[in-house]
Amino acid sequence: MNTQINEIADGIYRLSTHVAEVAPPAGFTFNQFLVMAEEPLLFHCGMRGLFPLVSEAVAKIMPVERLRWISFGHVEADECGAMNRWLAAAPQAEVAHGMTACMVSLNDLADRMPRALANNEVLDLGGKRIRYIDTPHVPHGWEAGVLYEETTHTLLCGDLFSHVGGGPSLIEGDILGPAIAAEEMFQATSLTPPTAPILRALADLRPRTLAVMHGASFHGDGEAALCGLAVYYANRMAKLAA
């Protein structure tokens, strides 16, 4: 395995490791995103076993010890398994997440106390502005949330739009079809009445880039893609209710 590095928006780097053994024969990518700024931020920590590869990739962009902020969508091994290894490697780094994640899990799991963020709170990284948005149970996990980088209009959307395969780092074509195909395969999303409204609220941000944790990232009409995903889940909810 190796971790590929690609800049998907100005100063936002996708660090992608393709694991052929997951969802064969296509395989599955595990992606982290490094937001370069005066106070750099890493979104997704990766699993502990991937830390040597991913930290080596970060070191090709900047010294790992410069890392100031660590965040992720929700508490799962592929999102925060290596969290404490990053904290050890970057002595000034802090984990930043929503209040629910900190209260329920991270105040205990993190080797240093995390920074609890309110819904829509903005972290000024110096050159980049990161807004934290609560998305409970979307796609899954009570503590789920996403980050929106305001200067590049990039939505760091975690497991939303996940799809299988290695593929390119950034696409401008259809991302909704592959995401729906993966959802039909994995059934990974928690379907609740707020699922579609939360996706529509994210669409209102009109993101230009969707930084996707599993699969290619997307550049284009993020509003339309999110609205399409909302329609898909609303239809699934209606079928369940019928």
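Along the sequence shown, residues carry numbers from 1.
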Problem set entry | Within one Ile-Leu-Val-Met-Phe-Trp-Tyr cluster: V75 and W142, side-chain cutoff 4.5 Å | no
For this session: Indicate, with yes or no, if L176 and L205 share a hydrophobic cluster defined by side-chain heavy-atom contacts under 4.5 Å among Ile, Leu, Val, Met, Phe, Trp and Tyr.
Result: yes
For this session: Evaluate the side-chain proximity of E94 to R112: yes if any heavy-atom separation is below 4.5 Å, no if none is.
Result: no
Exercise. Looking at D124 and G127, what are the two nearest heavy atoms and their distance?
Worked result: OD1-N, 4.4 Å
Exercise. What pair of heavy atoms forms the shortest contact from A82 to C45, and how long is it?
Worked result: CB-O, 3.7 Å
Exercise. Just how far is it from atom CD1 of I198 to atom CG of D134, taken to the nearest 0.5 Å?
Worked result: 9.0 Å
Exercise. Does F72 belong to the same Ile/Leu/Val/Met/Phe/Trp/Tyr cluster as L155, with side-chain heavy atoms less than 4.5 Å apart forming each link?
Worked result: no
Problem set entry | CD (E7) with more than 12 external heavy atoms under 6.0 Å | yes
Problem set entry | CG-NE2 distance between L160 and H140, expressed to the nearest 0.5 angstrom | 9.0 Å
Exercise. Should L67 and L34 count as side-chain neighbours, where that means a heavy-atom distance under 4.5 Å?
Worked result: yes
Exercise. Under 4.5 Å between side-chain heavy atoms, hopping through other hydrophobics if needed: is there a path connecting I180 to L202?
Worked result: yes
Problem set entry | ILVMFWY cluster membership beyond L123 - transitive side-chain contacts under 4.5 angstrom | I8, I12, F33, V35, L41, F43, W69, L117, L125, I130, Y132, L147, L156, L170
Exercise. So, E56 and T3: side-chain donor and acceptor under 3.5 Å apart, yes or no?
Worked result: no
Exercise. Yes or no on ring pair (Phe, Tyr, Trp, His ring centres under 6.0 Å) for F30 and H214, after CA distance, side-chain angles and deciding distance?
Worked result: CA-CA 5 Å; F30 293 84; H214 302 293; 5.1 Å; yes
Exercise. Going only through I, L, V, M, F, W and Y residues with side-chain contacts under 4.5 Å, is there a path from L87 to M62?
Worked result: yes
For this session: Evaluate the side-chain proximity of S55 to W86: yes if any heavy-atom separation is below 4.5 Å, no if none is.
Result: yes
For this session: Using distance alone, with no hydrogens and no angle criterion, decide if H219 and T209 have a side-chain donor and acceptor under 3.5 Å apart.
Result: yes
Exercise. Does one side chain, of N31 or H44, offer a donor that lies under 3.5 Å from an acceptor on the other?
Worked result: no
Seminar exercise, completed: Shortest non-hydrogen pair, E38 vs R66, comes out as O-NH2, 3.5 Å
For this session: Say whether, by atom type as modelled, one donor and one acceptor occur between the side chain of N84 and the main chain of L109 under 3.5 angstrom.
Result: yes
